[in-house]
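These numbers come from the heavy atoms of this one structure, side chains and all, not from hydrogens, waters or symmetry mates. In what follows, chains carry the letters A, B, and so on, assigned in the order in which the sequence lines appear, proteins first and then strands, with residues in each chain numbered from 1.
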Amino acid sequence: MTDRTPTERADVCVVGAGPAGALAAHRLAGEGYDVVVLEAGERFAFEDRERRMERAIRPGHGPLSVWEMGGPRDAYTSAGQRFYPLNRTRVKGVGGTTLHWQGMVMRLHESDFESWPIEYADLRPYYAEAESALGVAGADDNPYAPPREEPFPMPGFEPSYSDSLFAEACERLGVTMHSVPNARNSEGYDDRSACVGYGTCQPVCPSGAKYSADHHVAKAESEGARIVDRAPVQRLDHDEAGERVTAAVYATPDGRTHRQEAREFVLAAGGVETPRLLLLSESERYPDGLANSSGAVGRYFMEHLFAGAGGTLDRETRQNHVGFMTSECHQFYEDPTRGTEGTAGGIPAWSGDDGEPTPDSVKLEFLNYAGPSPVEMALSGEEWGDDLLKTLRKGYGNSIAMGGLAGQRPRKENRIELDPSTTDDHGNPVPEVHWRVDARTKASLRRANEIQRAVLDELGVDVAWTVGPEETGPAYHHMGTTRMGTDPDESVVNPRLRTHDLRNLSVASSSVFVTSGAMNPTLTIAALALKAADHVDERL
Amino acid sequence: MELSRRDALAALAASGAAVGAGAVLGTDADLVEPPRAGGRDREDETDSLTDERLATLLAVAEVVYPAEVSGVEGFVRTYALGRTADRPEYREGMADALATLDEYARTWHDADYRDLAPETRESVLDQMTVDSADPDPAGSDPERVRYYAVNELLFALYSSPTGGELVGIENPQGHPGGTASYRRGPDGEGGSGE
């Protein structure tokens with residue numbers, strides 16, 4: 001029977017076994033500390049991944065079933081202006097949300113750090129370490145990327161056939177395409193195979209070629225760390241003075257509750273459960289929740305929003321062979337309002353109306369999986385035999401699309417609170433998400449659509465759909481809810497990722513982001529986790 | 001287009017069947033050692049997926065697979081047996097769904113599904129509303145038949161290289177066909193080197 005009792009004399013207790021917790025635990029265990037990781041979800045067997053893939057492809061299984069999400073443990077309330085599908089956005093388990101992520105790993109740009117208390121230069125060495133840890137396949141062909149000193153650990157994936165179609169139109173418009181850094185093996189790396197092209201990256205990579213944090217959990221264990229799964233932390237206790245966390249109180253499947261004591265605590269439970277745990281840890285000393293003297297815990301919740309457009313072309317586009325992207329455009333990241341000039345025309349400058357906010361950064365993507373995949377069409381159709389084949393041939397082959405991300409500025413009213421009227425399987429109030437999409441974000445999405453539409457028109461695409469300000473949805477990136485800062489009245493953690501209020505409590509998560517940028521956040525999460533671990537090491 | 005042993009193997013591998021190729025496929029023309037339980041009924045605890053039930057599954061395949069594929073029998077037997085070899089609950093679910101289909105066929109046409117004429121087989125699926133049923137392994141009769149018979153077969157076919165090629169994609173979703181094909185154009189140019 002699995003031993004889920006506390007570790008005696010632990011140096012470090014990490015809450016959460018996703019990428020931040022796994023990397024921090026690995027680094028600290030490697031330094032010789034006794035590390036215990038408490039993970040709410042289970043440890044999934046690698047051998048089951050093909051079957052999880054089948055669940056993802058075949059109708060008859062809800063999307064949450066792929067990684068066993070959505071039970072009473074995961075209850076939540078969406079109370080904002082816009083519904084937030086929280087459980088679609090996360091995985092609880094050893095490996096965390098990297099089990100279902102897309103695996104795109106860009107560094108934030110230098111400009112993204114303008115209102116952060118650290119600079120790109122501070123994070124730069126950690127970015128390099130994070131790229132090495134995750135195993136990033138990339139190429140040095142992006143003129144808009146921030147400076148880097150080392151090549152990527154693996155060669156980038158070559159552009160797709162559909163990228164070559166886009167390239168002609170983009171050249172005519174003066175739009176620059178470049179490669180995508182992928183946390184996905186383009187060759188064998190770190191005892192994981194090269195990508196074999198299952199085409200189901202999101203939500204499951206059966207081969208393990210896409211990085212998932214269970215690999216660093218295993219590495220941490222080999223360095224002596226202990227992982228306790230199915231051990232959701234209920235609250236953190238502190239000492240009388242309110243200066244130090246003394247224990248993480250966690251539940252186990254046998255109905256018992258345990259106290260894990262440690263010298264240092266690292267919260268790595270993502271941008272929703274991290275603030276929730278702090279709020280659940282209210283005490284007489286801290287009636288508004290732990291580490292919350294600023295009132296910022298749970299506040300400034302940010303997401304990235306999707307913008308896209310697509311349709312069909314009069315040529316074959318060869319989609320859905322792989323489940324990842326090979327080309328992007330960061331040309332409109334620093335100045336989304338700019339126009340371009342190419343060999344035959346260009347992208348017009350921003351068309352904003354009076355009173356419309358100026359757009360923020362947008363990141364543009366060229367999809368390799370536009371339109372339905374034949375197998376998914378076959379399984380959800382109402383025909384079979386020759387009729388079905390005819391429909392599949394008609395439906396597959398000519399789809400093409402672009403995507404993109406826009407960020408949100410931090411707004412206090414976008415927040416994670418506790419909902420006392422609804423409780424989880426341990427009687428704790430569930431997270432309540434208050435979220436809306438503001439006018440500036442809508443302007444950014446509209447700008448992304450303008451550029452996408454211009455490229456698709458130039459290519460001759462019969463545009464069939466557009467996802468813009470009205471249809472947009474979240475990209476499943478939770479940021480900002482325990483923001484970093486130098487002022488304890490305005491922020492939750494300091495630039496060393498330690499909470500202002502408690503001397504031995506750190507946060508390793510996108511929850512410390514001050515702004516969202518418009519880049520996928522996980523590489524920055526990984527870099528910050530390594531930085532947080534170094535600071536824990538300094539204190540121990 | 002011929003469904004090959006490679007297709008069955010590929011479909012099995014992609015579905016996570018824990019049986020090795022040798023265990024299921026043997027080494028020669030006789031691809032599969034069928035269950036030796038001819039005549040046993042589905043209550044038999046040792047093997048519910050009898051020859052008769054497999055014949056019913058094959059009869060469904062003849063309806064739901066396009067006419068231009070051949071080699072269906074070997075493909076389906078290999079796939080169905082390999083896939084369920086270490087999944088007794090799944091095997092039971094499949095056998096139950098096929099038994100249900102036979103019961104409907106007997107009720108309406110006095111014969112098991114596998115013994116019906118091809119056009120009658122198609123009409124039974126229509127009458128059962130399997131075509132519009134939402135696949136559900138724990139659902140109603142048509143929903144289970146859709147899940148365990150129709151979609152089982154369609155998943156096997158259209159996630160295999162041969163099934164994919166029928167539609168124009170040699171590396172369909174669910175098949176680990178490598179990272180060369182996404183770079184190839186429709187005429188086969190590009191994407192070499194792997």
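Of the listed residues A/His61, A/Arg49, A/Arg52, the one with more heavy-atom pairs under 4.5 angstrom with chain B than any other is A/His61. Contact tally against chain B (heavy-atom pairs below 4.5 Å) for A/Val322, A/Val375, A/Leu388, A/Leu379: the top residue is A/Leu379.
Listed in order of number, the residues of residues 136-151 of chain B that approach chain A to under 4.5 Å between heavy atoms are B/Pro137, B/Arg146, B/Tyr147, B/Val150, B/Asn151. At a heavy-atom cut-off of under 4.5 Å, chain B is reached by no residue from residues 164-171 of chain A. The stretch residues 124-134 of chain B places B/Leu125, B/Asp126, B/Val130, B/Asp131, B/Ser132 near chain A, each with some heavy atom under 4.5 Å from a heavy atom of that chain. Close approach to chain B, defined as a heavy atom under 4.5 Å from one of its heavy atoms, is seen in A/Leu392, A/Arg393, A/Tyr396 of residues 390-402 of chain A, taken by number.
Contact annotation: the side chain of A/Met154 never approaches that of A/Arg184 to less than 4.5 Å [non-hydrogen atoms, C-beta and beyond]. Taking the side chain as every heavy atom from C-beta outward, A/Trp101 and A/Asn520 never approach each other to under 4.5 Å. In this structure, the side chains of A/Arg315 and B/Pro186 stay at 4.5 Å or more apart for every pair of heavy atoms. Annotation: side chain of A/Tyr198 is not in contact with side chain of A/Lys210 (no heavy-atom distance under 4.5 Å). Using a 4.5 Å cut-off on side-chain heavy atoms (C-beta onward), A/Leu64 and A/Arg88 make contact. By the 4.5 Å heavy-atom criterion applied to side chains, B/Asp7 and B/Pro161 are counted as neighbours. No side-chain heavy atom of A/Pro206 sits under 4.5 Å from any side-chain heavy atom of A/Val196. With contacts defined as side-chain heavy-atom distances shorter than 4.5 Å, the pair B/Tyr158/A/Leu389 qualifies.
With hydrogens and angles ignored, the 3.5 Å screen pairs a side-chain donor or acceptor of A/Asn185 with a backbone N or O of A/Arg192. Side chain of A/Asn320 to backbone of A/Pro374: no donor-acceptor contact under 3.5 angstrom is found. Within the 3.5 Å criterion, the main-chain N or O of A/Met325 finds a donor-acceptor partner in the side chain of A/Asn182. Although no hydrogens or angles enter the test, the distance criterion places a donor-acceptor pair under 3.5 Å between the side chain of A/Gln452 and the main chain of A/Gly403.
For A/Pro59, the parts lying near chain B are the backbone and the side chain together; criterion is any non-hydrogen pair under 4.5 Å. Heavy-atom distances place no part of B/Glu62 under 4.5 Å from chain A, backbone and side chain included. With a threshold of 4.5 angstrom between heavy atoms, A/Ile57 approaches chain B through side-chain atoms but not through N, CA, C or O. Residue A/Thr317 does not touch chain B at all, counting heavy-atom pairs closer than 4.5 Å. With a threshold of 4.5 angstrom between heavy atoms, A/Phe157 approaches chain B through its backbone and through its side chain.
A salt bridge is absent between B/Glu52 and B/Arg114: the closest approach of a Lys/Arg side-chain nitrogen to an acidic carboxylate oxygen does not fall below 4.0 angstrom. The pair B/Arg183-A/Glu158 does not count as a salt bridge, with every side-chain nitrogen at least 4.0 angstrom from each carboxylate oxygen. Ionic pairing of A/Asp214 and A/Arg43 is not present here: no N-O contact between side-chain nitrogen and carboxylate oxygen is shorter than 4.0 angstrom. We find that A/Arg55 and A/Glu68 are joined by a salt bridge, their nearest charged nitrogen and carboxylate oxygen being less than 4.0 Å apart.
Between A/His100 and A/Tyr476, the angle of the ring planes stays under 30°, which puts this pair in the parallel group of the 30/60° scheme. Between A/His215 and A/Tyr211, the ring-plane angle classifies as tilted under the 30° and 60° cut-offs.
The cationic atom of A/Arg58 (NZ for Lys, CZ for Arg) lies less than 6.0 Å from the six-membered ring centre of B/Phe155 and within 45° of the ring axis.
Heavy-atom minimum distance, B/Gly164 versus B/Pro172: CA-CG, 4.1 Å.
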